[in-house]
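All remarks here apply to the structure that follows.
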Amino acid sequence: MSMQNFAVSRRALLAGSAGIATLAGLAACSGGGNDDQSQGSAAPAGDGTPDEVQEMNLVELNDLQTLDVNDIRNENEFEVLSELNEGLFRTFTDEDGIDHVEPAGCEDYEVTDDGLTYTFHLRDNGWSDGQPVTAQHYVDSILRLCNPDNGFSYAFLAEDIAGAAAYMNGEGAAEDIAVAALDDKTLEIRLANPIPFFLAKLSNVCFDPVRMDLINEYADTMSNDWEKQVYSGPFKITSRTLENSIVLEPNEHYWDKDNVKLQKLTYTIVTEDATRSQLLSSKELDSVDCSSEYVTQWAKLADQGQLVYNKKADVGSDYLAFNHHTGGPSGLMNNVKCCLAISCCFNREDFNNTALSGLNLPAYGLIPGGILSGDEEYRSTYEEPLHALLEQYDTPEKCQALFKEGVKEVTGSDDVSGVELLILTQQQNTQSKNTTEWLAQQISAGVGVTVNINAQSETANFVAERDANNYDFYLMGWNADFSDPISYFDLFATGSGYAKFMGGYSNAEYDEMYESLKTMSDSAERTAVYQKMEQNIIENAGIAPVYYTVRHNFTQSYVMNMSFPQFGNGLEVSRAYISGKA
Amino acid sequence: MVKYALKRFATMIVMLFIVATATFFMLAAVPGDALTERTARLPEDVAARVYARYGLDKPAPERYVITMRGLVVGDFGESIVFPGQTVQSVIAEKGPISLRLGFQQVILGVGIGLILGVIATVRKNTWVDYGIIAFSILMVSVPTLVFGLLLQQVFAGTLGWFPVIGWPSGDELMFGGWEYTVLPTLAGSFGYMAMYARLLKASMSDVLGQDYILAAEARGLSKGQIVRRHMIRNAAIPIVTKLPMTIAMCLTGSFYIETIFAIPGLGRYYIQAISGRDVTMVMGFTVVIAAMYMVVIFLTDILYHVVDPRIQLAGKTSR
């Protein structure tokens, strides 16, 4: 899951559908007219022969807060810890940018006919200290993840494992969690319900194996000390300067070490796009994502053949979260008509082109393109539900009339002259300022009332204002944890742990459908329920869709075999190498 | 003198106590804490366990007593955001980096600033003087961030003379790897150049009108002799007393320069700690920095007396 509204965005995991999936064709069929492309110097700088020097430089916005896979929280941690640890699966992309989930820590696996029991056969892999990776290390990881004393953010991903939810709620015991090492190389996991996307969840870094012998020895001092850590993945850390850089070198005990060609991989904290730009120009930075106005500048470099521009639909959805907790300072946000009028009164294409420099895609639904439901791409099964509403409320007059009706239902009077709405925002840069001001102006004109801005510069202050319900609505973003629409629908069930972030939508019909999913394993049935749930939340204006995110990556043309998975670690470099850098 | 030093030392202890107390309660008063986001979507009882682990479940007065007890014995506690890190370990790792960057900036900035100040005074009311003053105003007005990015773009990006980012490490930590230090040193020294050029010019101009300068001229001393023997010496008081504070300031690091050039110094860490509400680290840093400033102010007072014996230390009877 990923909250994009404030702080660092947490790019979520992971991939595939039930089984070792190929997310073939998703990019092409995702909604909203995605124009995924790779442009610029398509021809590689070299002839594909690896250079003698195999060093790669990447950047992060913030330092890692933890090296503990169970405690993983942020996008930067996913990127680095994925290269340091080996889960059961690893995702690569092909030359068309399509995700392929490959067996990694496991060679193969079986699922029982009832869809409840998974048996994984592990391959011979080694920790960086030479110890073999065993099934018990995976078991320990799951038990530790679920331990409520640890309070790990991603523990919820394990809740489908039989006995896990009760243990996490403090009602059960660790011994009751249905996970076992049948022998050193065989791992068995039994589910409470046969959910079809369990493997997609299990591919998250938070399930990667852990070494309890070291965790017990070093306790809390281990989580951020690279010298006390051991690594089961392609690389190990060989030096680290806090809040500055992390250097990785190959793990000689890694099972697939022959395919790891990079000899040195350095992540440096560089926050300024201007500095990143200089690094790109001087070839001191090999690959970077961008969401600012620098996209245009770097795209020109790509046109000149200096960079390769990978533009790809992301799995992020940004929307207005209305304050359903209290109705907001205006008292109107629990009225469907008021929220619906706001949702219909502004032009999403204009918003994307004006406030976001055309870098993303206008959204008319909750679920972005590229998310699978069963084997089908969800967005292609169901037209975005807001389109029909926009046809109904297609003029400012109609929106204003609808808003007035809503106000009358709440206050008894259709006089909106004294009505003021409050939009909360965390303004960290010019773009967030532009987006908020654009929305405030357009919504003000659209429904004919004053829209004030409650701007906070610091995350903590934003959170305080949000928790004090001092807003009518704000722009919120979310990236799916894994490829299933439930990753979004989870957010809006009554009593959800996410309610605090998401405005607190609560609807009995929605909740009933959500509950029915818990024991529903048929993908077609699930898809039909998802469609109704999406219709429910859009028509009742639980949220107002605004845009789907698009990823803009720029990579040097001498970098080969880089993967840009849509889910999971966004920058998979374990098989990448340098050819023709000169 | 000893009595004076003891008295000042006692005052410093009281001041540190006040600074620590004020910092603690200000941090307690601002919204949010280091665990707000991390625990926000955990079940309530699980979140409570996380808070309990870091002691943040206790009421502020109780946390205050625990914190102050730790401060007295030099135990600032562990970072909440970066488990395993302590104030001491961070200062040991990052202190030398900020120290070197700061010293280089001060030496270059103050050195050139003083030279410019002398030239501006000697060539008063000429285009040289006006040029130096214009330069100073420009240097003071343009933010460090802009200088840093500009230097980086021209000398590292376009011309490729220096690395874009980085800082010497290992054997070169304190001496060597100069190519990494040139741009950050320059970017941070412009402000000092401007400040000291204007300061010296102002104080020398005051001296210029004094009778003893007139007398020196009457004695037939050359302009160079007058500047060296009389003007600089007498104009040095504001410089000498300002300098220790400048050094103290630069040791605490520079957020912008460290951010632009990816330098692993204290400045960025401190700001990040404040922003992330890493209370233990902020408390520790603040107390250490406050102590450093107090020592510097004490030294400055002593320097006043050394530079101009006519200035009496507080507590002594003036004649």
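Each chain gets a letter, A, B and so on, in the order the sequences are listed, and its residues count up from 1. This one's a predicted model, so the numbers in the text were calculated from it and none came from an experiment. Reckoned from all heavy atoms, side chains included, excluding hydrogens, waters and symmetry mates.
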Review point. Among V30(B), T158(B), I260(B), T259(B), which residue forms the greatest number of heavy-atom pairs with chain A at distances under 4.5 Å?
Key: I260(B)
Point to revise | Atom group of L149(B) that falls short of 4.5 Å from chain A, counting heavy atoms | key: side chain
Review point. With a 3.5 Å cut-off and no angle check, do the side chains of Q152(B) and T275(A) form a donor-acceptor pair?
Key: yes
Exercise for review: Measure from the side-chain N and O atoms of S282(A) to the backbone N and O of Q278(A), and report whether any donor-acceptor pair falls under 3.5 Å.
Suggested key: yes
Study note, to complete from the structure: Under 4.5 Å to a heavy atom of chain B? For E243(A) that would be both
Taking only distance into account, with no hydrogens and no angle test, what donor-acceptor pairs under 3.5 Å do side-chain atoms of residues 56-74 of chain B form with protein atoms, sequence neighbours excluded?
from, atom 1, to, atom 2, distance (Å)
R63(B), NE, K58(B), O, 3.1
Y64(B), OH, T21(B), OG1, 2.7
T67(B), OG1, R63(B), O, 2.7

Review point. Under a 4.5 Å heavy-atom cut-off, does chain A meet the side chain of E258(B), its backbone, both or neither?
Key: neither
Point to revise | E55(A) and N57(A): side chain donor to acceptor below 3.5 Å | key: no
Point to revise | Residue L64(A) versus chain B: region with a heavy atom under 4.5 Å | key: backbone
Review point. For the residue pair Y474(A) and F462(A), does the interplanar ring angle fall in the parallel (under 30°), tilted (30 to 60°) or perpendicular (over 60°) class?
Key: perpendicular
Exercise for review: Please determine, among G157(B), G148(B), P264(B), S275(B), the option with the most heavy-atom pairs under 4.5 Å with chain A.
Suggested key: P264(B)
Check your understanding: Picking from N169(A), N150(A), T66(A), which has the most non-hydrogen pairs under 4.5 angstrom with chain B?
Key -> N150(A)
Check your understanding: At a heavy-atom separation under 4.5 Å, does V81(B) approach chain A through its side chain, its backbone, both, or neither?
Key -> both
Practice item. Fit a plane to each ring of F175(B) and W178(B), take the angle between them on a 0 to 90° scale, and name the class: parallel (under 30°), tilted (30 to 60°) or perpendicular (over 60°). Key: perpendicular
Practice item. Please state whether the side chain, the backbone, both or neither of Q153(B) comes within less than 4.5 Å of a heavy atom of chain A. Key: both
Revision key, fill the gap. Most contact-rich option vs chain B, by heavy-atom pairs under 4.5 angstrom, among L279(A), T241(A), V59(A), is L279(A)
Review point. So, N147(A) and R49(B): side-chain donor and acceptor under 3.5 Å apart, yes or no?
Key: no
**Study point:** Stepwise side chain to side chain donor-acceptor pair (under 3.5 Å) check, Y267(A) with N76(A)
**Key:** CA-CA 10 Å; Y267(A) 294 90; N76(A) 52 354; over 6 Å; no
Review point. Counting heavy-atom pairs under 4.5 Å to chain B, which of L242(A), T268(A), I269(A), D63(A) comes out on top?
Key: L242(A)
**Study point:** Greatest number of heavy atom pairs closer than 4.5 Å to chain B - which of D149(A), V270(A), D467(A)
**Key:** D149(A)
Review point. Quick one: what part of M168(A) sits under 4.5 Å from any heavy atom of chain B, side chain, backbone, both or neither?
Key: backbone
Exercise for review: Could you tell me whether F162(B) atom CZ has more than 12 heavy atoms of other residues or ligands within 6.0 Å of it?
Suggested key: yes
**Study point:** Proximity breakdown for D225(A) and chain B, heavy-atom pairs closer than 4.5 Å
**Key:** neither
**Study point:** Proximal component of A47(B), with respect to chain A [non-hydrogen, under 4.5 Å]
**Key:** neither
Check your understanding: Given that the side chain runs from C-beta out, which part of Y218(A) has a heavy atom under 4.5 Å from chain B: side chain, backbone, both or neither?
Key -> neither
Exercise for review: Could you tell me whether the side chains of E465(A) and N470(A) share a donor-acceptor contact shorter than 3.5 Å?
Suggested key: yes
Review point. Is the F190(B) ring parallel, tilted or perpendicular to the F147(B) ring (thresholds 30°, 60°)?
Key: tilted
Point to revise | Options K94(B), E78(B), Q85(B), ranked by heavy-atom pairs under 4.5 Å with chain A, top entry | key: K94(B)
Check your understanding: Highest number of heavy-atom pairs under 4.5 Å with chain B: which of T271(A), L285(A), D68(A)?
Key -> T271(A)
